[in-house]
Protein chains: 2
Amino acid sequence: MADESEGETRSERKRAAILRAATTAFRDEGYESTSMDRIAALAGVSKRTVYNHFGGKEALLGAVFEHHLARLASRARVDWEPARPLAAQLRAFARAKLATLEDPVWTGLLRVALGVFMHHPDLVRETALRASRSDDALVSWLRAASAAGRVRVDDRERAAAQFWALIKGELFWPVIFGVREPPTPAQRDAVIDGAIELFLERYGAERPATGRGAS
Amino acid sequence: MADESEGETRSERKRAAILRAATTAFRDEGYESTSMDRIAALAGVSKRTVYNHFGGKEALLGAVFEHHLARLASRARVDWEPARPLAAQLRAFARAKLATLEDPVWTGLLRVALGVFMHHPDLVRETALRASRSDDALVSWLRAASAAGRVRVDDRERAAAQFWALIKGELFWPVIFGVREPPTPAQRDAVIDGAIELFLERYGAERPATGRGAS
DNA sequence: TCGGCACTACACTGTGCAGTGTACTTCTCG
DNA sequence: CGAGAAGTACACTGCACAGTGTAGTGCCGA
């Protein structure tokens, strides 16, 4: 939590405080309903300082968003490992991506940011591209697995999209939109396993028997 | 286009005009950026009249949303037909649901409404429930198909969720969020076919090859 | 033709907020 | 210590807009 406010310039400390304050304010109150005065107060900083650090309200939201995006980007990635069962590797993919879901700060913030960016098609597109960069990792993985003869996929893009659709459609969007409670780890794994089963039934090339590989 | 402004009370005509104006205004400008004055002007109606017909801004958005929801709800549904191939029936499901995507008024409006409702968890839940009512139709369909021995599905809810996740994940969310252009009919059908293929490979019982009887 | 309902024009309140300008204080670092 | 960068307090501009009150006008049905 308070691990980023140590041993820095006064300026950097202030900046961090503002970002933290803005994060919770935006998340809890929404964008429009959060005033810059409130953020300043919450950060224990003068309003002027907020404006000295960030161009304006919109820029501040952008900075907050970037900040957390970067924070989350430092999550593990998955590489092709010939020796490991396909299901296990796919599970790792899914878990890594869904790790963001367990970060309530992020989900709340994303909700708000989505609402705001929705009216900024350019921003959306740009940010979405960066966020879906990780989706591409699965494409590479599929290429490797395909070369190794472990999956039979002609259209890797589509297969990857399908996999993510299965995962996100059940676990991500419903949570983002508040239609569903965040899943328990057990539920989450059940969905992931279901998705992997569906996926490998079609694309997997190694099916031994009733290989519902219990790991 | 102008098919709902005929032969009605003056009051009803005005009301319709307001709804129409609000629709385009909200869709084009977003919720916050649209003033009631602007809607009134656009509808060729005095601001006071707007307030006489609708409680306030939020209520107006609600009414607009309801209006179009009702308009779209008058779309075809799909029933279990033993004689028809599974794939064809599923395709009908998918097409019916995606018909809304071809209504640009609706997508634009949904975008805005999502942004607003995002801060109203109760409203979201209620509306989402109504909107996902149609998902349930697939569950019933699966029950019938299962009883007829044409599919082997234990968890129908999950299977239905997976199907919709496949469809929406590739065609719905990306369009709503403006990450992707609306698909051409050809692209749309390609995705649908891909989803159906994946789905039936696992759940279809009329498939010759990879039989996983197990039960 | 007349009564009343719906609509209009418009002024007006009240608020909330983004963003700025400035004189003053505090911190930090050489 | 001393200078300058950064922060503070606060007053203030300007605006946009939701929502209301009212006095008058047009419309529609009986």
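Here is the naming used below: chain letters follow the sequence lines, and residue numbers restart at 1 for every chain. Hydrogens, waters and symmetry mates are skipped; everything else that's a heavy atom, side chains included, is used.
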* **Minimum-distance nucleotide (side-chain atoms of A:Val45 versus D:dA18, D:dT8, C:dG19)** => D:dT8
* Structure fact -> A:Ile18 atom CD1 is separated from D:dA6 atom P, nearest whole Å, by 13 Å
* Verdict with reasoning, B:Trp173 to A:Phe172, per ring-ring contact (aromatic ring centres under 6.0 Å, His included) -> CA-CA 11 Å; B:Trp173 300 116; A:Phe172 186 70; 9.4 Å; no
* Taking NZ from A:Lys47 and P from D:dA6, how many angstroms apart are they, rounded to a whole number? -> 22 Å
* **Closest listed nucleotide, where the reference is the side chain of B:Arg48 and the choices are C:dA18, C:dT8, C:dG21** => C:dT8
* Between C:dC7 and B:Ser11, is there an OP1 or OP2 to side-chain N/O distance shorter than 4.0 Å? -> yes
* Give the rounded distance in Å between these two atoms: CG of A:Leu60 and C1' of C:dC17. => 15 Å
* Could you check B:Val64, B:Val45, B:Asn52 and say which one makes a side-chain contact (heavy atoms from CB on, under 4.5 Å) with B:Ile18? => B:Val45
* Relative to the ring of A:Phe93, is the ring of A:Trp164 parallel (under 30°), tilted (30 to 60°) or perpendicular (over 60°)? -> perpendicular
* Check: B:Lys57 side chain, D:dG19 base, donor-acceptor under 3.5 Å -> no
* A:Trp141: which of A:Trp80, A:Phe163, A:Tyr203 passes ring pair (Phe, Tyr, Trp, His ring centres under 6.0 Å) -> A:Trp80
* May I ask you to say what B:Gly55 touches in the nucleic acid, namely base, sugar-phosphate or nothing, with a heavy-atom cut-off under 4.0 Å? => nothing
* Of the nucleotides D:dG7, C:dT8, C:dA6, which one has an atom closest to the side chain of A:Arg10? -> D:dG7
* Please work out if B:Lys14 contacts a base, only the sugar-phosphate, or nothing of the nucleic acid, heavy-atom cut-off 4.0 Å. => sugar-phosphate
* **Interatomic distance, A:Asn52 CG vs C:dT22 C1' [rounded to whole Å]** => 13 Å
* **Spacing of A:Arg15 atom CZ relative to C:dC27 atom P, expressed in whole Å** => 22 Å
* **Spacing of A:Arg13 atom CZ relative to D:dG7 atom C1', expressed in whole Å** => 12 Å
* Structure fact -> In whole angstroms, the gap separating P of C:dA11 from CG of B:Asp37 amounts to 13 Å
* Options D:dA18, C:dG19, C:dT8, nucleotide nearest the side-chain atoms of B:Thr49 -> C:dT8
* Asked: Counting distance only, does the side-chain N/O of A:Ser46 pair as donor-acceptor with the main-chain N or O of A:Arg48 below 3.5 Å?
  -> yes
* Let me know, please, whether B:Thr34 or A:His53 comes out on the 5' side of the other along DNA chain D by nearest nucleotide. => A:His53
* Between A:Glu12 (CD) and C:dC29 (P), how many Å, whole number? -> 10 Å
